[in-house]
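One structure is given below, encoded as structure tokens.
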Amino acid sequence: MEIGFLGLGIMGKAMSMNLLKNGFKVTVWNKTLSKCNELVAHGASVGLTPAEVVKKCKITIAMLSDPAAALSVVFDKDGVLEQICSSKGYIDMSTVDPETSCKISEAITSKGGHFLEAPVSGSKQPAETGQLVILAAGEMALYEEAVPAFNVLGKKSFFLGQVGKGAKMKLVVNMIMGSMMNAFSEGLVLADRSGLNPHSLLDVLDLGGIANPMFRGKGPAMLQDNYSPAFPLKHQQKDMRLALALGDENAVSMPVAAAANEAFKKARSMGLGDLDFSAVFETLKVLKHSS
């Protein structure tokens, strides 16, 4: 099977590389075409536009940074819509709001094409190792056709029903993750300020009921001021904003998530947006140094 892949950021690059390594033929596109070079060295072909990729491939996957980018590759000149048809499937794995996903779905299906949203839970390392969790919704037949690719990209795929449910699930997951990261950061600073060894806190947490891979993976790096981006902070803040909008829509009070969003916004104002989302820790360290 030949698969098209649009978007070669941190996630898209790792995912398309996994497909290549597992025997798939892959045609890639990225807004900055030079990002395709490493994939070409591993056997990928390059499409000069999203439309060119769709024309060549039966199934095209997109992994883009935000709703604006997801809409652009579909609706702009030389976009997906120019070549989508009844024999083509389009799978958007970007994290977007449900409304954006539904808008893309309607446009694809109005041309006779087949659509699936499939955002993922997991960041750089799970993408590289094929350990993502795929949250799919839309056309079941396309989901079943994509399962061989999903089995390479992830450790588990869920089919959640109609378009919009994948987006909602991803926003709920990332809202919880962002809120947890803020509480974790506060705990590390509180331990340090009250005379405890933060490294000991990490050891204690890892043996208790709230042990989890995020604390285990991020904590030691945070204590070394290492925020190499697995999941950029600006994208985490975008997801918090979209999750809060989903809360507004459903009249759900979310004071913890709202406070976490403000912390991520403060981190962005400090110029930390391109660092890992764990760099929200720095907002608390600034408070410490100014006291």
Side-chain angles (χ1 to χ4, degrees), residues 1 3-7 11-12 14-15 18-19 58-67 69-71 73-74 80 84 88-110 113-123 126-127 129-180 212-214 231 235-236 238-252 254 257:
M1 183 192 300
I3 291 181
F5 209 104
L6 311 178
M11 299 294 287
M15 293 163 70
N18 262 344
L19 291 171
K58 187 177 182 185
I59 294 177
T60 298
I61 293 171
M63 179 54 112
L64 302 156
S65 59
D66 56 26
L71 291 167
V73 300
V74 173
V80 170
I84 202 74
K88 307 283 187 183
Y90 186 65
I91 303 175
D92 193 350
M93 303 187 77
S94 317
T95 299
V96 300
D97 54 284
E99 291 75 21
T100 295
S101 200
C102 289
K103 184 175 182 180
I104 293 171
S105 175
E106 288 166 8
I108 297 293
T109 55
S110 72
H114 308 278
F115 180 75
L116 196 69
E117 62 173 355
V120 302
S121 179
S123 56
T129 57
Q131 294 293 300
L132 297 168
V133 178
I134 296 166
L135 309 172
E139 187 174 319
M140 173 63 88
L142 180 54
Y143 173 78
E144 291 174 345
E145 193 173 0
V147 162
F150 287 167
N151 287 343
V152 165
L153 298 174
K155 61 183 176 181
K156 176 74 175 176
S157 299
F158 291 87
F159 183 79
L160 301 171
Q162 66 192 36
V163 171
K165 290 192 172 182
K168 290 174 183 177
M169 182 68 81
K170 176 61 190 291
L171 292 179
V172 171
V173 168
N174 276 19
M175 177 273 291
I176 294 170
M177 182 174 74
S179 301
M180 285 175 60
N212 67 78
M214 185 176 78
F231 180 42
H235 294 162
Q236 173 67 68
K238 175 260 297 183
D239 294 348
M240 297 300 292
R241 172 173 56 82
L242 296 177
L244 287 166
L246 186 64
D248 288 347
E249 183 184 327
N250 290 279
V252 176
M254 296 162 59

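From Leu142, atom CG reaches atom CG of Leu116 across 5.0 Å, with rounding to the nearest 0.5 Å. Taking CG from Leu242 and CE from Met175, the interatomic distance works out to 12.5 Å, rounded to the nearest 0.5 Å. If you take CG on Asp239 and NE2 on His235, they are separated by 8.5 Å, rounding to the nearest 0.5 Å. From Ile61, atom CD1 reaches atom CD1 of Ile91 across 5.0 Å, with rounding to the nearest 0.5 Å.
Considering only heavy atoms from C-beta on, Met93 comes within 4.5 Å of Phe150 through its side chain. Counting heavy atoms from C-beta on, the side chains of Leu153 and Ile134 come closer than 4.5 Å. Using a 4.5 Å heavy-atom cutoff, the side chains of Met180 and Asn212 are in contact. Looking at heavy atoms from C-beta onward, Met15 lies in side-chain contact with Leu132 at the 4.5 angstrom threshold.
Gly166 and Pro119 make their closest contact through O-CG, 3.4 Å (heavy atoms, listed as atom of the first residue, atom of the second, distance). Closest approach of Ala243 and Leu171 over heavy atoms only: CB-O, 3.7 Å. Across Pro67 and Lys238, no two heavy atoms sit closer than the pair CD-CD, 4.2 Å. Of all the heavy atoms in Gly138 and Phe159, the pair that sits closest is O-CZ, 3.3 Å. Heavy-atom minimum distance, Gly122 versus Met11: O-CE, 3.3 Å.
Among residues two or more places apart in sequence or in another chain, the side-chain contact (heavy atoms from CB on, under 4.5 Å) test is passed with Ser121 by Val133, Val173. Every ring-ring contact (aromatic ring centres under 6.0 Å, His included) that Phe231 has, sequence neighbours left out, goes to Phe277. In this structure Val252 satisfies the side-chain contact (heavy atoms from CB on, under 4.5 Å) test together with Asn250, Met254, sequence neighbours excluded. Residues that satisfy the side-chain contact (heavy atoms from CB on, under 4.5 Å) test with Ala14, not counting sequence neighbours, are Ala127, Glu128.
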Pairs of donor and acceptor atoms involving the side chains of residues 94-105, under 3.5 Å and at least two apart or interchain, shall be tabulated with distances.
from   : atom 1 : to     : atom 2 : distance (Å)
Ser94  : OG     : Leu64  : N      : 2.8
Ser94  : OG     : Asp92  : OD1    : 2.6
Thr95  : OG1    : Lys170 : NZ     : 2.6
Asp97  : OD1    : Thr100 : OG1    : 2.8
Asp97  : OD2    : Glu99  : N      : 3.3
Asp97  : OD2    : Thr100 : N      : 3.0
Asp97  : OD2    : Thr100 : OG1    : 3.2
Ser101 : OG     : Glu117 : OE1    : 2.5

### Task
Check step by step if side-chain contact (heavy atoms from CB on, under 4.5 Å) holds for Met63 and Val120.
CA-CA 10 Å; Met63 179 54 112; Val120 302; 3.6 Å; yes
#### Entry: side-chain contact (heavy atoms from CB on, under 4.5 Å) evaluation trace for Ile84 with Phe115
CA-CA 10 Å; Ile84 202 74; Phe115 180 75; over 6 Å; no
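Residue pairs satisfying the side chain to side chain donor-acceptor pair (under 3.5 Å) criterion with at least one member in residues 137-157, sequence neighbours excluded, are listed as follows: Lys58-Glu145, His114-Glu139.
Environment of CD in Gln131: crowded, with over 12 heavy atoms of neighbouring residues, nucleotides or ligands closer than 6.0 Å. The neighbour count for Met169 CE, taken as heavy atoms of other residues, nucleotides or ligands under 6.0 Å away, does not exceed 12.
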